[in-house]
Asker: 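Please see the structure below; I have some questions.
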Amino acid sequence: MAILTVASLKKRFGGLVAVNGVDYSFPSGEISAVIGPNGAGKTTFFNLITGIYVPDGGRIELDGKSLVRVKPHVIAKLGIARTFQNIRLFGSMSVLENVMVGMHIHLKSGTPGTILGWGKVRHEEQEARRKAYRLLQYVGLERHFNEEASSLPYGAQRKLEVARALAVQPKVLLLDEPAAGMNPRETAELTALIRRMQRELELTIILIEHDMKLVMQLAEHILVLDHGEKIAEGGPAAIRNNPKVIEAYLGKNAVEEGVMA
Amino acid sequence: MNDILHTLPQVLIDGLALGAIYAVVALGYTMVYGILELINFAHGEIFMTGAFVGTAVLLAAQGTGLAASLPPWLFYLLIMLIAMMFTGALGVGIERVAYRPLRKAPKLISLIAAFGVSFVLQDVVRFIAELRTGNYIVSSSSLYGERMSLPASSISSLFGDATVKTNTLIILGAALLLMVALDRFVNRSKWGVAMRAVAQDRETASLMSINVNKVIVLTFFIGSALGGATGVLFAQQYGTIDPYIGFILGMKAFTAAVLGGIGNIRGAMFGGFVIGILEMFASSNLGTLTGGSFGAEYKDVFAFSILIIVLIFKPEGLFGRAVKEKV
């Protein structure tokens, strides 16, 4: 069962075709990966799905509903949340507040009550804080809840982005290079966290990642892009031995000389 | 020295009242800047429009005898609410018509649009005022004009007594209330948190399901409503208004916002009080301090000099954080 489908998806920037006619269906409730060399169009692919860019052609559908020309905040509401390759936290807000921003659509507004500090509203506020705190516990950041987000160590900031994305309560979670810059211990923790999210929260997870070990461990389905085009798709074993993929990563000679074999 | 001490109580009272007005108007500048990085120079004119709307309602109600049937505090509150709704809607309209189409244009273009909006508002208000009253300078009576004496001399014989208008206390109370309400709203409510998120990173906020346009509209509404409320307080305090009061006052409120660190709400409040008190201090003491070389008319030079000195040593303002260069 596919939850997210793209068909003949296309995006141009001037003369450069960043995504060129990509077709793919992401199966529901499973972990997929989008890989490819630098400049393959992976992040552009994510930006098209989340509505930051409007495609020049093709379809994007979530549960059969078109996402083309839908505003980013509406797409988030429909159930797609993401993290970023270059961390984009709200640096001067606290760790807990960052998660609360993600909870935005799920919070009651109660503005007059907030200002006057009514008991009922105060109760709701506390409830929201508790929920945010539980999400921090889930990713293991609860000790840092009151710290400024920008003061967290790098690996923790990546986890906070995950917690903030979870707060949107998505059906599909997009992770853009979640392990970038992490040390082996942090990467192992992250791998466990991604598995746990998929199992316990019944999430569909799509990740862009350069760490091939992580990709091969986690992903059941892999989409390979190069110069904006789909050059391969399939399970980890098939992708590992696909000559086109090896060529894209290591150049033509590598295939001929059988480096990867 | 004795002269300065003698007038100090009066200087502080008047400075606080003026500072409260600057502070609340400064909030409008700082909020819009925080969200859009736009200096909304039309904000001074929104303040002015609030003063006129309040005065118009006051004069109309006094004409029909409605004013006499209501208790003055309720009437005052009603005038302020009407002015706030009007200027709030005006601010939202200005954003929709003049700023939103230019949002992707260079900031300088929006700034010029803001100047344009200022002139339009000045002339429209002047036109309506002249049409209705035959004069663009409008006077009204104060609802709480009575004065009382504050016996500061009983604390120490160095101080002189100060006179306080009841309206001065109303200004201080209302300004404080508005500031506390805004502070709570921004720090605790759902939309306040969304506002801060949008101020930091608009795109990321939208990806977290926040409707950015709604936040921007809300920001303009709140900022402009605060400006309009201050306009009413100002008209009640000084009695006479004209369509050009927004310019200089807006400049000083903007200065207050910069002094506190533009984009920082608590900074703007503090900056407003600093500028107000400095200005009053200069206006009553410059003559004495300089042996008569500079009179009270140099009060603005004094206040702005302080600003320049602060900015030389702390360019991000007193409460601002140094902006990191974006890579």
Side-chain angles (χ1 to χ4, degrees), chain A residues 46-47 49-52 71-84 86-94 96-117 121-122 124-126 128-129 132 148-150 161 164-165 167-170 174, chain B residues 34-35 81 84 88 104 176-219 221-222 225-226 261 263-267 316 319-327:
Chain A
F46 270 19
N47 284 342
I49 294 173
T50 50
I52 292 181
K71 290 245 171 73
H73 74 266
V74 181
I75 292 178
K77 212 176 286 184
L78 290 172
I80 299 183
R82 70 174 288 181
T83 67
F84 301 88
N86 43 344
I87 297 174
R88 286 170 70 172
L89 291 168
F90 303 108
S92 68
M93 290 163 81
S94 78
L96 194 75
E97 279 177 332
N98 267 276
V99 179
M100 292 186 73
V101 172
M103 291 166 66
H104 182 76
I105 34 160
H106 305 292
L107 295 176
K108 296 200 179 76
S109 55
T111 296
T114 310
I115 293 167
L116 299 171
V121 176
R122 201 173 276 175
E124 280 164 10
E125 276 175 21
Q126 277 166 2
R129 282 172 177 276
E148 215 172 70
S150 59
E161 276 211 329
R164 184 178 64 176
V168 183
Q169 298 178 20
L174 309 182
Chain B
I35 295 276
L81 285 178
M84 284 172 88
K104 293 211 172 82
L176 224 58
L177 217 64
L178 290 172
M179 288 189 275
V180 170
L182 183 71
D183 199 71
R184 278 187 160 221
F185 170 77
V186 168
N187 285 314
R188 312 235 322 252
S189 80
K190 165 186 175 175
W191 286 102
V193 173
M195 210 178 255
R196 283 188 293 148
V198 171
Q200 279 196 38
D201 185 340
R202 205 184 296 169
E203 196 173 273
T204 303
S206 78
L207 290 167
M208 298 303 139
S209 79
I210 291 171
N211 185 340
V212 173
N213 273 334
K214 204 166 163 182
V215 169
I216 292 172
V217 163
L218 190 70
T219 307
F221 185 88
I222 295 175
L226 291 174
N264 183 315
I265 286 177
R266 289 184 187 174
E316 68 277 15
F319 289 81
R321 48 173 66 229
V323 179
K324 280 178 222 117
E325 201 69 38
K326 274 186 191 156
V327 184

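Lettering follows sequence order; numbering is per chain, from 1.
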Asker: Between Arg88(A), Lys77(A), Met100(A), Arg82(A), which shows the greatest number of heavy-atom pairs under 4.5 Å with chain B?
Answerer: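 Ranked by heavy-atom pairs under 4.5 Å with chain B, first place is Arg88(A).
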
Asker: Between CD of Gln169(A) and CE of Met103(A), what distance do you get to the nearest 0.5 Å?
Answerer: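 Rounded to the nearest 0.5 Å, the CD-CE separation comes out at 7.5 Å.
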
Asker: Among Ile265(B), Ile210(B), Thr219(B), Ile216(B), which residue meets the side chain to side chain contact (heavy atoms under 4.5 Å, CB included) test with Met195(B)?
Answerer: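 It is Thr219(B), the one option of Ile265(B), Ile210(B), Thr219(B), Ile216(B) that forms the side chain to side chain contact (heavy atoms under 4.5 Å, CB included) with Met195(B).
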
Asker: Would a 4.5 Å heavy-atom cut-off, applied to side chains only, mark Glu97(A) and Phe90(A) as touching?
Answerer: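 Of all side-chain heavy-atom pairs linking Phe90(A) with Glu97(A), none is under 4.5 Å.
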
Asker: Looking at side-chain heavy atoms only, is the closest gap between His104(A) and Val193(B) below 4.5 Å?
Answerer: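 They are not in side-chain contact.
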
Asker: Identify which of Ile52(A), Thr50(A), Leu89(A) forms the greatest number of heavy-atom pairs closer than 4.5 Å to chain B.
Answerer: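 The candidate making the most pairs under 4.5 Å is Ile52(A).
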
Asker: Which bit of Ala199(B) is near chain A, if near means a heavy-atom gap under 4.5 Å: side chain, backbone, both or neither?
Answerer: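 No part of it gets close to chain A.
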
Asker: What part of Val168(A) gets within 4.5 angstrom of chain B, counting heavy atoms only: side chain, backbone, both, or neither?
Answerer: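 Answer is side chain: those atoms of Val168(A) sit under 4.5 Å from chain B.
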
